[in-house]
Every structure is written in C-alpha cells, then in structure tokens.
There are 2 protein chains.
Amino acid sequence: MLALQSFMVGHWVDQTDQVVLLPCAITGETVARLGKSSPDANAMRSFAKGLGGPALRAMTFHDRAKMLKALAQYLSERKEALYDLSYHTGATLNDSRVDIDGGIGTLLAYGAKGRREMPDDTIYIDGEVEQLSRNGTFLGQHVCTSLLGVALHINAFNFPVWGMLEKLAPCLLAGVPAIVKPASATAYLTEACFRMMIESGLLPEGSVQLICGSVGDMLEHLDCQDVVSFTGSADTALMLRSNMHLLKNSVRFIAEQDSLNATLLGPDIGVDDPEFGLFVKEIVREMTTKAGQKCTAIRRIIVPSTMLDQITDVVTSKLEKTIIGDPRLEDVRMGALVSRSHRDDVMAKTAMLGQEAKRLGSRADRINIVGADVDKGAFMAPVLLHCEDPDGANIVHNTEAFGPVSTIMAYRDFDHGCVLVNKGGGSLVASLVTNDGSIARKAVQQTACWHGRIYINNASSMKEATGHGAPMPQMVHGGPGRAGGGEELGGIRGVMHYMQRTAVQGSPHILTAVSNSWINGAKEIDSKTHPFTRKFGELEIGETLNTDYRQVTLDDIEHFAEFTGDTFYAHMDEEAAKANPFFPGRVAHGYLLLSFAAGLFVHGDPGPVLANTGLEGLKFLKPVSPGDSIRVRLTVKKKTRRNDEYGEVRWNVMLYNQDNDPVAEYELRTMNQY
Amino acid sequence: MLALQSFMVGHWVDQTDQVVLLPCAITGETVARLGKSSPDANAMRSFAKGLGGPALRAMTFHDRAKMLKALAQYLSERKEALYDLSYHTGATLNDSRVDIDGGIGTLLAYGAKGRREMPDDTIYIDGEVEQLSRNGTFLGQHVCTSLLGVALHINAFNFPVWGMLEKLAPCLLAGVPAIVKPASATAYLTEACFRMMIESGLLPEGSVQLICGSVGDMLEHLDCQDVVSFTGSADTALMLRSNMHLLKNSVRFIAEQDSLNATLLGPDIGVDDPEFGLFVKEIVREMTTKAGQKCTAIRRIIVPSTMLDQITDVVTSKLEKTIIGDPRLEDVRMGALVSRSHRDDVMAKTAMLGQEAKRLGSRADRINIVGADVDKGAFMAPVLLHCEDPDGANIVHNTEAFGPVSTIMAYRDFDHGCVLVNKGGGSLVASLVTNDGSIARKAVQQTACWHGRIYINNASSMKEATGHGAPMPQMVHGGPGRAGGGEELGGIRGVMHYMQRTAVQGSPHILTAVSNSWINGAKEIDSKTHPFTRKFGELEIGETLNTDYRQVTLDDIEHFAEFTGDTFYAHMDEEAAKANPFFPGRVAHGYLLLSFAAGLFVHGDPGPVLANTGLEGLKFLKPVSPGDSIRVRLTVKKKTRRNDEYGEVRWNVMLYNQDNDPVAEYELRTMNQY
C-alpha cells in the first residue's frame with residue numbers, strides 16, 4: 001500500500017491527518033492511503049513566488065519550451081511504471097495511453113509551439129503595432145508578461161496524468177509556478193508521475209508543488225497575480241467561484257465542469273455510407289473508453305428520425321459485445337469505473353435519466369465480467385437510453401451520468417437537430433458526421449455559440465481524425481454555460497491564461513526597446529560593415545543598410561517580361577495600364593522590384609547569411625514607372641536563435657523611389673550563423 | 001426640466017415610479033427627472049433576442065462596421081446639442097470633447113477596424129489552421145461566432161456618451177444587441193445621445209434598448225449567451241459579480257472599477273529636460289480634466305526623491321492658477337464635479353488620504369469660482385498631497401478619491417519606484433516619462449503585470465501622444481485586481497468579448513466550407529477559363545489553375561544574377577553553396593522562382609485583375625537546382641469586397657518541382673473588378 005505524500009516547500013511531506021484509503025477499481029483492495037491535513041498556504045505560496053516564479057521568469061519562452069520537451073522525454077522513458085499503476089484506476093492499456101501518453105504529448109506540443117510561436121524572450125508580443133498618431137511618433141503595442149503569483153490546479157479523478165500535464169504545460173511555458181491538487185480517488189497515479197518530474201531535476205525549484213489531500217484555506221490567500229484552474233463537477237466549481245475572497249480580488253478562475261456533449265448525424269448520411277459505421281464506432285468508443293468517465297464523452301446521440309432504429313440496433317449490439325473485466329487482459333475493452341461509490345452515483349443518475357428515456361438492449365444489470373470479481377470491482381455495463389420526446393425532456397439535456405451512459409433521440413430536420421444539440425446549455429464538444437460542407441457550415445452557425453469545440457468527421461478524414469472525445473493541445477478545450485465558461489489549451493491561447501496583457505504606448509524607439517523588435521520610425525543604427533558580413537550575435541536590432549539608387553528603365557521592364565513570361569498588361573500596354581485605377585501608365589513588375597532590391601542589398605560573398613527562407617507582409621505601396629529609381633533600406637528587426645548553428649534574422653525592408661516615397665515594404669527572413 | 005424616458009421593446013416609455021431629480025452640477029437646479037420603475041426584463045431580453053440579434057447576425061462584419069461609421073457621422077453632425085447638455089454635468093467644452101467626440105471616434109475606429117481586420121462574413125476566423133494529422137486530412141481551425149443573447153451595459157456617470165459608445169461599438173460589431181443602463185447622475189446626456197441613435201434609423205430594431213432607472217431583476221434572467229459589462233465602483237461590481245445566478249450560469253461579466261493609477265518620472269529626466277515640463281503638464285491635465293472624475297486619472301505621482309521638491313512646487317503653482325467655474329466660460333479650465341453629494345464623497349476620501357499624506361499648497365478650501373455660485377455648484381479645488389512614507393502607507397495606494405485629488409511620493413531608485421507603482425494592487429494605467437529604452441523595458445518587465453496599459457512619453461512623442469488618461473479604441477482598457485480584472489476595447493480583442501470561440505475540427509474540405517477560406521488539401525475546382533479572365537463575382541473559392549512546367553537552367557540563374565545584381569554565393573559559387581547547410585550546390589534565387597511563377601500563371605490581357613497588391617507568408621520549402629523544373633498551382637483562397645468597384649482576392653500559390661515536391665508557398669493578393 002502506497003502512503004501518498006505531498007510535495008510542499010521543496011520537500012516530500014507525509015500526510016497523516018484524516019487518512020482515507022483509496023481502493024483499487026478492479027479488486028476493491030486498498031491501493032494507497034491519503035491524508036487530508038491542511039497545507040500551510042502562505043508558506044507554499046511564498047516558496048512558489050520567491051523561488052519558482054523568479055527562476056521561470058529568468059528563462060525565455062524558448063528555454064521553458066525546451067524544458068517541457070525534456071520533461072516529456074523523461075516521462076516517456078518511464079511510462080511503463082505509470083501504466084502499471086493506472087490499472088488500479090480501472091483503466092485499460094488504451095485508456096492509460098489516452099491519459100499518460102496524452103499528457104506527455106501535450107508537453108511535447110507546448111514544447112514545439114513555444115519555440116515556433118513565441119519569442120526567445122520573456123515578453124510576448126500580442127498582435128500588430130497600432131498606429132495611434134498621424135506622423136507615427138506615438139504608437140501602441142500589446143505585450144503579455146508572466147503573472148507574478150502561483151497557479152492552483154485542481155484536477156479531476158478521471159485523467160490523473162493528462163489532467164495534471166495539460167494544465168502544467170501552458171502554465172510553465174507562461175513562466176508561472178503551480179500547485180497541483182489531484183482528485184483523491186486516483187491521486188496515487190498523479191503522485192507517481194509528479195515524483196518522476198521532481199526526480200528529473202528538470203524543473204526549477206519552487207516551480208511545482210503537490211497537495212495530496214485538501215487545499216485548506218489556500219483560496220483565501222490568492223490575489224490577481226494568481227490563477228485557479230479547476231476541472232470537476234459544477235457544484236464544486238460553483239462553491240469555488242463564489243468564494244468572496246476570489247471575487248473581491250478579481251482572482252482569475254477557469255472552470256471546466258459538467259457537459260452533456262452531443263453527437264449529430266448529418267441528414268446526408270445513409271446506412272450504406274462509410275460514415276454510418278464511423279458514426280456508430282465513435283459512439284461506442286466514447287461510451288466505453290475510460291468506462292465513459294470523460295468530460296468530453298458523448299452523452300446525447302441525435303439522429304434523423306428515419307435512422308433511429310438502424311443506429312439503435314447497431315449500437316446496442318456492439319455495446320452488448322463489449323468485453324468488460326480486468327483491464328490487464330488483452331481482450332477486455334472496458335475496465336471498471338473508478339470506485340464503487342462513483343458507480344453508485346452513475347447508477348443513480350441513470351435512474352434519473354430513466355424518467356425521460358427508456359433503457360434499450362437486453363443486457364441484465366448483473367453483467368459478465370472477465371478475470372475479475374463483479375462484486376468487488378466497480379464494474380458497470382454500458383447503458384443506451386432512448387428519449388422519445390427530446391423537446392419536452394429536461395433531465396436528458398442537463399444530467400451528466402459520468403460513466404458509460406448515453407441517450408439517443410431523433411430529430412425531424414437538421415435545424416431541429418441543432419436545437420436539440422444546444423439544449424445541453426453549453427458543452428465542451430459536439431460532433432457531426434457529414435459529407436456536406438453546407439451542412440457543416442450550418443451546424444457551426446447554429447451551434448458553435450454553445451460549444452467549445454465542434455468535431456466534424458467523414459470518410460475523407462476518418463483515418464486521421466483525433467476522436468470526438470480527445471482534447472488536442474492545439475485546440476481550445478472548455479465550453480460556455482454548463483461546461484463552466486472556461487477555456488484551456490488551444491496552443492498559445494492557453495498560455496495567455498497565465499499572463500497579463502498590457503497595452504504599451506510610446507515612441508517607435510521606446511516600443512522597440514520594450515519588444516526587442518524594431519519598429520519603423522525607431523532609431524536606425526548605421527551598419528559599419530555590410531550586415532551580411534556580420535554574424536548573428538554581432539547584428540544589433542535597428543542596424544541599417546541604406547543602398548544606392550538603381551534606375552528602373554522601360555528596357556528593364558520589357559526584358560523582365562520577356563525573360564519571365566510575365567506579360568501582364570499593366571507592364572506592357574500603356575493604354576490598358578492607364579485605364580486601370582491603380583496605375584498612371586506602364587509600371588514595373590512587383591517581382592522586378594523585389595529582384596532589383598535583392599540586387600541592391602545582397603552581399604554576394606560567402607558569409608554568415610546562409611539562406612533566405614521567406615518573406616512576410618509584402619505590400620506594394622506606390623507604382624514605379626519607367627525612369628523612376630529605387631533604393632533600399634534594410635534594417636535588422638528581430639533575432640531568434642533556432643538551433644546550435646544558426647538563428648533567424650527578420651529584416652525590415654523598405655523600398656523608396658527618387659522622391660523618397662515608400663514603394664514597397666516587407667519583412668525578409670534569413671538564417672544566419674552565430 | 002427633462003423627463004427621462006427608457007427605450008424598451010421598441011418604444012419610449014415614461015418612468016414615473018420613485019422619481020429622483022437630477023441637479024445641474026453648476027447651478028444645483030434640476031436638469032431632469034428620472035423614474036426608477038423596474039423594467040420587464042423578460043420582455044426586453046426577448047425583444048433583443050427575437051429581433052435585434054437575428055437582424056445584426058444577418059449582417060456581415062463589414063455591414064456592421066459600415067453601420068457604425070454611418071452612426072458616427074450622424075452623431076457628429078448633431079454633437080453641438082450634446083455639448084449644450086453636457087455643461088450641466090460640470091464639463092468644460094474640452095471635457096465634452098473627450099466624452100462626445102471620444103465616443104464618436106470610438107465608433108469610427110471600430111468601423112474602420114471591422115472592415116480592415118474582420119471578414120466580410122458572419123464567422124470570424126481566429127488564428128491559423130492547425131495541423132492535427134500527419135497527412136493533413138484532418139485539421140483544426142478556431143472560429144468565433146456571435147453570442148445569441150443580449151449585452152447589459154451598466155455605465156458610469158463620468159462619461160455619459162463615451163461610456164455608452166465604447167461598449168456599444170465592439171458589441172454591435174460582434175452582432176450582439178445591447179441594453180444600456182446609464183448612471184443616474186448624467187443619464188440625461190446618455191438619453192439625448194441614445195435618442196439620436198434611434199432617430200437615425202441606422203440600427204436594426206431591437207439592437208439597442210435603454211433603461212433610465214433601475215435594471216430591476218434583469219441579472220436573474222441572463223445566461224451564458226449574455227454579457228454583463230460594468231463600469232463603476234468596486235463595491236457595486238462585487239455586488240453584481242457575486243450574484244449567484246450569474247455565477248451558476250457562467251454569465252460573462254466584465255468589470256472596470258476603481259484604480260489608483262500612477263505616473264512615474266524616469267531617473268534620467270532632469271529639470272532642464274523638455275520631459276520635466278511634459279511630466280508636470282500631464283499631471284495637471286489629468287487632475288483637472290473632468291475635474292479628475294476619470295477612472296484613468298493620475299492618483300499617485302511617483303518621482304525620484306531628488307526631484308520631489310521641484311515637481312511639487314511647479315505642480316502646486318499650476319494647480320493654484322487653474323481657473324475654476326462655469327464651464328461655459330472660455331477661460332475656465334475646470335468645471336464642477338457631477339454633484340454636491342459626489343463632491344462630499346471626494347472630500348471624505350481626501351480626508352482619509354490625509355491620514356497618510358499632507359496636503360500641499362496654500363489654496364483655501366473656500367475657493368474662488370468664476371461665473372457661478374460656489375454654494376450652489378459642486379465645485380472643488382484640486383488637491384495635491386504628499387506622502388512621506390509610501391512604503392508604510394496603505395490608504396494612498398488603495399483609496400480612490402474620484403475627483404481632482406492626487407498624492408505625490410518619492411522613490412529611492414527606479415526598482416523602488418516600480419514597487420510603489422504596483423502597490424496600487426492592479427490599475428488601468430501607469431505612465432512613465434523617460435528617454436531611456438532600457439528604463440522603459442524595465443518598467444514593462446516590473447509593472448506590466450499589474451496594469452492594463454502602460455503609457456510612455458518623452459520629447460520625441462509628446463506632440464502626438466494621446467494622453468495618460470485617454471483609453472484608445474485600438475488598445476485594451478481595463479486592468480487586473482483592484483481595477484476589476486476586466487478588459488474592454490483593444491480593437492478586435494474587444495469584439496471577442498461578445499463572441500464565442502469554438503475549435504472546429506474536420507477535413508480541409510469541411511473547414512473550407514465553414515470558413516469560406518480555401519485550405520490546402522480541400523477540393524480544387526478546375527478553372528474552365530483562366531481565372532484572371534473571370535470577374536470577382538465569378539470566381540469560386542477553390543477554383544484552381546495548374547500551369548505547365550518551366551525548366552530553370554544554370555543560364556537562367558546566371559542571367560538573373562547579372563540582370564538584378566543579386567550575386568549571392570549560393571547562386572554563383574558551387575563550392576560555397578555546397579558548404580552551406582541548406583543547399584546541395586548552386587540553387588536558383590528565390591526571387592527568380594517567384595518571377596518565373598508569375599510568368600507561368602499570369603494572363604497578360606486586360607481583364608478583371610487590376611493589380612497585385614502584395615503577398616503574405618512566402619516560404620521557400622526546398623531548393624531548386626539548375627535543371628529542375630517548376631510548375632504552379634494557383635487557387636482562389638478568399639474573396640473580400642473592398643469598395644464599389646473591386647474586391648480583394650487572396651490566392652494560394654504553390655510551386656512544385658518535377659518530383660511534385662513543394663518548393664515554395666505563398667498567398668498572393670490581387671484586386672479584382674466585380
């Protein structure tokens with residue numbers, strides 16, 4: 001039997017007060033014991049704020065992203081031990097993969113996104129520079145900075161590993177230390193994984209702490225630099241969010257709670273379509289994976305009335321064939337619920353649903369279990385109910401039986417189907433199986449507002465589709481209304497929950513200094529030698545090369561047209577060009593200007609510049625007529641280390657004509673050696 | 001005397017219950033009377049949801065943006081009448097301009113941003129397509145859709161016009177109807193402006209309603225499709241946000257409340273610098289504009305200890321010279337506070353501040369008033385206090401005297417200055433006067449987390465700077481902690497408070513249909529005739545031209561180098577190119593590929609394509625060696641109407657080599673005739 005410890009203020013601490021015993025979901029035997037002593041909230045918070053926060057904030061987003069990647073690799077090498085423990089929660093190996101590999105995958109995804117989509121800096125640039133003045137001497141730039149407090153992560157029992165890691169990944173990437181509070185029932189698995197994280201030595205001291213037990217009066221100590229992120233029941237969420245201290249101090253509160261997720265079959269799908277089988281397969285999978293103990297599982301199945309019988313038959317038959325039992329056995333498709341008390345709760349909720357929906361199928365309540373004792377484990381057969389009057393029904397749209405339970409109902413037409421989907425009152429996800437783009441758009445128009453995610457699948461995507469129930473790190477997870485009104489994940493969006501957005505206003509020079517990204521109008525530093533001869537580390541933000549002029553002749557234009565084949569009339573036909581609202585007559589090709597510009601600013605000799613990888617935001621501002629001259633201003637805008645050999649340099653490129661009017665602007669990207 | 005009416009369910013309604021009389025701030029005479037009967041919340045909400053919401057959602061973002069612009073023009077032509085009423089609030093003409101012209105300017109800014117930064121569609125695309133699968137058959141795209149409910153805007157007394165319009169602009173642009181509840185004291189000005197909006201006939205029926213009086217039990221009727229946006233005191237905000245119905249239903253709640261905004265003088269500024277005068281000027285302006293009744297006004301002045309005396313002297317002297325009186329008079333710089341009862345409150349708070357800070361200057365409490373009776377109007381002299389022990393102080397950092405009152409204090413070093421700024425516990429804005437970019441960055445690193453906005457000014461930006469106290473429609477307005485934890489404005493960010501973000505997952509074809517924007521991998525529609533010969537309206541999303549191949553020879557590369565002058569070694573020097581980690585040997589110039597690509601896909605004859613205006617997201621994916629061939633796939637990605645003659649077409653351009661490997665990708669932009 002494991003004696004779970006908390007990790008507080010840098011030490012593993014025994015919890016000996018109010019001990020509860022945690023049973024194995026399969027055998028009922030005690031797996032671990034958990035004490036519920038109240039932690040010293042002030043000490044934990046001070047430790048996080050005094051050590052963890054400063055250490056994380058001293059790292060750039062790239063440093064933190066690399067840390068997440070290393071952590072993922074460390075855990076991945078040790079995941080077998082976690083699988084072993086996970087069986088006690090009732091999980092099959094597949095279920096454990098969702099939890100454990102899913103959690104590790106989330107770390108990896110944030111590791112990758114942090115390096116790709118965030119700067120190698122401690123200040124995040126949010127959006128474009130805003131023009132606040134006519135002459136551009138006063139501008140605006142939104143930035144995001146790490147909150148100075150601590151995140152309190154209160155997790156649900158069903159995903160002891162993923163639940164911890166999906167909250168930690170964006171939080172640590174944001175530079176904010178966390179205190180993790182797992183749900184009691186499966187805290188032993190969270191504790192084991194957390195122990196590995198500490199043993200890895202990869203996380204700075206104070207950046208993570210663990211409370212196996214109660215959070216005590218922690219909420220009363222938080223302020224606006226802290227975040228509470230909760231996953232669990234609506235009742236607990238309400239209790240937490242109505243805490244007057246949190247409300248009074250505008251403490252950020254994110255909730256992910258009950259959800260009556262629906263799946264909808266499009267009116268275009270017939271029994272013979274491959275989508276029919278796909279629809280059934282997703283239903284059965286969502287009902288049986290984790291024994292239906294997923295916030296995102298399908299609770300309501302909404303189908304055309306003409307298809308009701310066929311779908312009911314096939315789903316019922318598949319559910320009846322589902323092998324339930326000891327999740328260690330290879331044939332077993334569904335393990336146990338987390339505990340017998342939880343199963344009793346699911347049974348009670350199922351009975352409530354029974355007031356409005358009829359239970360289908362012949363399977364008795366006394367079920368056959370493979371390799372385990374039905375009277376000791378928390379086993380339950382999947383339950384499919386049919387609701388005949390979904391418009392009049394209430395309970396089926398608002399009661400979450402958190403197990404392998406789902407209710408099927410019929411719609412008259414697709415609009416009616418969308419109305420039924422929305423009756424969930426705000427859900428994490430709805431899915432739709434359709435081949436018809438216009439049906440997909442209609443579903444989004446009519447139901448997106450009530451959902452955090454809409455999952456659309458058909459034969460063309462089914463091989464690679466990630467599953468109705470799978471929150472992806474790239475996509476937001478959360479939902480309005482009943483689902484808690486929160487949002488997690490969604491790539492960098494999820495990081496922002498742990499950062500403060502601030503509008504910064506100032507001169508171009510000041511904003512350049514703040515953002516480490518050169519802004520047009522800021523000081524230009526005269527490049528003593530050609531910037532292409534200077535290594536990554538030698539280049540300064542704002543370093544500028546001003547080239548000589550080159551005239552663009554009519555011969556050049558004609559030659560370029562002939563050489564490239566680009567004989568667009570605006571370049572070739574004076575009459576036609578004049579008739580065009582944009583041009584005074586024949587003008588130079590935009591690509592000719594780009595090419596001449598490169599000719600003007602490129603330094604040909606081998607040097608630190610390795611390659612031009614692309615360009616961004618090219619705008620042609622003014623036409624260039626034959627006889628005009630152009631010159632280039634090339635300025636170092638931003639530098640980002642990419643690997644051990646080279647980093648990316650972004651250059652602001654401005655082309656001017658002989659009257660000093662800007663004729664084109666773009667951002668050039670090169671890779672430069674250190 | 002005006003008898004204020006509410007505008008409910010499409011009608012102007014007299015309010016006769018619990019009538020209160022609203023006094024003129026200058027003369028104390030009654031300006032208007034206001035009834036406080038409770039509105040029929042259900043009827044108003046149904047009207048908004050039944051008529052206003054559907055009408056707004058039937059319009060695209062561009063339609064709504066044009067509506068805002070037209071509304072701004074309508075109000076602008078009638079603003080003199082609003083100025084006249086505004087004097088009764090105690091406002092000078094300058095104050096009224098901040099309120100009335102500021103509000104109209106916000107409508108205009110949202111009108112412009114809506115057309116420039118949002119699609120001509122009803123679904124907003126949030127961020128990039130997310131790659132969720134290896135082969136790209138299953139992808140993700142975040143979209144935002146209009147909430148289906150109603151926004152309840154509860155406004156403060158100090159900006160009766162701006163307060164209404166700054167909330168309405170993003171809300172209506174989002175497609176959400178609103179119910180406006182002005183603060184009683186100045187409701188007559190809001191009502192007058194609202195009346196103009198209704199008379200304009202520019203807003204669809206049901207899109208706006210007005211409650212002059214009490215909101216009654218409106219909160220109890222809201223759900224997750226509704227939004228409450230509140231500006232006012234922290235006490236009222238707490239009362240509203242702790243409403244159990246709101247909490248239980250995850251109703252969105254945005255608050256902008258008390259704020260102890262600070263201004264900070266950089267350590268680099270001396271008495272002889274132009275920034276010294278600038279710093280003093282901003283302080284005096286913020287203390288006296290609107291008689292200091294601005295959420296963003298400077299409440300705390302934080303200066304180097306060496307500068308304390310000089311600044312105190314100059315500010316005191318300027319404040320003493322401020323002419324106070326009837327705001328209609330030309331010389332008067334500061335009018336009255338909104339009411340005598342409010343002035344009493346400010347006086348009481350000033351007395352509280354007096355416990356920790358000493359009042360400076362010689363001006364007596366009995367002040368000289370120009371053109372008005374000091375015993376009838378709500379006049380008050382500006383008050384500057386000095387706090388000697390800002391580290392030990394509490395009240396000066398957390399008590400907002402909402403009038404012309406500010407406390408000065410000294411810092412030892414800049415870090416200490418930042419600590420003092422943050423002692424406000426979360427503010428709307430802090431300002432900093434400095435010439436030093438590293439001081440600016442330090443201030444952002446150390447204080448941004450506690451602020452919604454940081455305003456940095458110096459001699460280079462002072463001519464065009466928008467003012468410490470001016471929230472700009474482009475920049476977020478709001479702040480953490482004491483300031484309410486809310487966010488408004490910030491351009492399109494502010495629109496999102498009235499929309500639901502949803503992660504949509506599906507095949508490229510499905511996501512293209514949902515977003516009206518072609519995604520790589522979606523169906524290509526074979527262009528029957530060259531797409532450059534087809535008008536804007538004739539082009540279909542997904543329409544594709546596949547060109548023939550063109551070989552790129554070594555001669556081409558050498559010729560291009562010679563012609564343009566771009567003799568970069570990767571194109572010219574086999575040895576050096578081979579040594580480069582990106583290239584197998586000499587390769588074609590990226591700009592040569594772009595130019596040849598144009599030659600391949602351009603149709604030369606005059607036609608609907610008017611101009612190439614730019615390109616986005618150019619990535620070179622694989623080098624092209626001499627002897628390789630390239631071909632182009634050109635696909636219509638997105639179409640956006642721009643004016644009466646033409647619209648923008650965005651094309652996805654893919655370049656492939658002879659092995660069908662992508663070698664470059666970009667988005668081309670053209671303007672095409674209808």
Side-chain angles (χ1 to χ4, degrees), chain A residues 130 133 137-138 140 145 148 224 241-242 247 250 426 437 440-441 444 448-449 451 453-456 460-461 464-466 474-476 480-481 485 500 502-507 510 513-514 564-569 576 580 582 590-591 594-595 598-599 602 604 606 610-612 614-615 618-619, chain B residues 130 133 137-138 140 145 148 224 241-242 247 250 426 437 440-441 444 448-449 451 453-456 460-461 464-465 474-476 480-481 485 500 502-507 510 513-514 564-569 576 580 582 590-591 594-596 598-599 602 604 606 610-612 614-615 618-619:
Chain A
E130 295 285 343
S133 58
T137 64
F138 192 72
T145 54
L148 304 173
C224 72
R241 73 175 1 141
S242 62
L247 290 168
S250 310
R441 179 157 163 112
V444 169
C449 226
H451 294 88
R453 183 161 61 90
I454 293 182
Y455 172 92
I456 308 172
S460 76
S461 52
E464 291 197 304
T466 47
Q474 300 86 347
M475 310 306 289
V476 292
Q500 170 68 35
T502 304
V504 184
Q505 295 170 281
S507 69
I510 289 288
V514 167
T564 65
D566 180 353
T567 55
F568 191 62
Y569 67 92
N580 178 309
F582 288 86
Y591 302 114
L594 283 188
S595 303
V602 157
L610 298 174
N612 166 4
L615 60 85
L618 166 65
K619 286 182 195 70
Chain B
E130 295 285 344
S133 58
T137 64
F138 191 72
T145 54
L148 304 172
C224 71
R241 76 181 352 147
S242 62
L247 290 168
S250 311
R441 179 157 164 112
V444 169
C449 227
H451 293 88
R453 184 161 60 90
I454 293 182
Y455 171 92
I456 308 171
S460 77
S461 52
E464 292 197 302
Q474 298 87 345
M475 310 307 289
V476 293
Q500 169 68 34
T502 304
V504 184
Q505 296 170 282
S507 70
I510 288 289
V514 167
T564 65
D566 180 354
T567 55
F568 191 63
Y569 67 92
N580 177 309
F582 288 87
Y591 303 113
L594 282 189
S595 303
F596 277 6
V602 158
L610 298 175
N612 167 2
L615 60 84
L618 167 65
K619 286 182 194 68

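All of these numbers come straight from a predicted model, not from anything done at the bench. A note on names: the letters A, B, ... follow the listed sequences, proteins ahead of strands, and every chain is numbered from 1.
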- Message: So which atom in Ile510(A) and which in Ala440(B) form the shortest heavy-atom distance, rounded to 0.1 Å?
- Response: CG2-CB, 3.8 Å
- Message: Need one label for Glu130(A): side chain, backbone, both or neither, based on atoms under 4.5 Å from any heavy atom in chain B.
- Response: side chain
- Query: Can you tell which of His451(A), Arg241(A), Arg441(A), Lys619(A) has the highest number of heavy-atom pairs within less than 4.5 Å of chain B?
  - Reply: Arg441(A)
- Task: Start with the C-alpha gap between Leu247(B) and Leu247(A), add the side-chain angles, then the distance that decides, and say whether side-chain contact (heavy atoms from CB on, under 4.5 Å) holds.
- Result: CA-CA 10 Å; Leu247(B) 290 168; Leu247(A) 290 168; 4.2 Å; yes
- Item | Closest non-hydrogen atom pair, Phe568(B) against Val602(A) | CB-CG1, 3.7 Å
- Please report the closest heavy-atom contact between Ser250(A) and Gly485(B), naming both atoms and the distance. OG-N, 3.8 Å
- Interface check, chain A: of Cys224(B), Ala513(B), Gly604(B), Gly426(B), most non-hydrogen pairs under 4.5 Å belong to Gly604(B)
- Task: Just give me the residue among Ala503(A), Gly437(A), Gly599(A) that pairs up with chain B most often, heavy atom to heavy atom, under 4.5 Å.
- Result: Ala503(A)
- Message: I need the residue from Ala576(B), Gly481(B), Gly506(B) with the largest number of non-hydrogen atom pairs under 4.5 Å to chain A.
- Response: Gly481(B)
- Message: I need the residue from Val504(B), Thr502(B), Thr567(B) with the largest number of non-hydrogen atom pairs under 4.5 Å to chain A.
- Response: Thr502(B)
- Mind ranking Glu464(B), Gln500(B), Arg453(B) by heavy-atom pairs under 4.5 Å with chain A and telling me who comes out on top? Glu464(B)
- Item | All side chain to side chain contact (heavy atoms under 4.5 Å, CB included) counterparts of Ala465(B), not counting sequence neighbours | Phe138(A), Tyr455(B), Asn457(B)
- Looking at Ala611(A), Gly590(A), Ala448(A), which makes the most heavy-atom pairs under 4.5 Å with chain B? Ala448(A)
- To the nearest 0.5 Å, what is the distance between CG (Asn580(A)) and CG (Leu610(B))? 5.0 Å
- Query: Can you name the residues that form a ring-ring contact (aromatic ring centres under 6.0 Å, His included) with Tyr591(A), not counting sequence neighbours?
  - Reply: none
- Item | Winner by heavy-atom pair count (cut-off under 4.5 Å) against chain A, out of Thr564(B), Thr145(B), Asn612(B) | Thr564(B)
- Task: Find out whether Leu594(B) and Leu594(A) are in side-chain contact, i.e. whether some heavy atom of one side chain is under 4.5 Å from a heavy atom of the other.
- Result: yes
- Task: May I ask you to name which of Pro606(B), Gly614(B), Gly565(B), Gly140(B) has the most heavy-atom pairs under 4.5 Å with chain A?
- Result: Pro606(B)
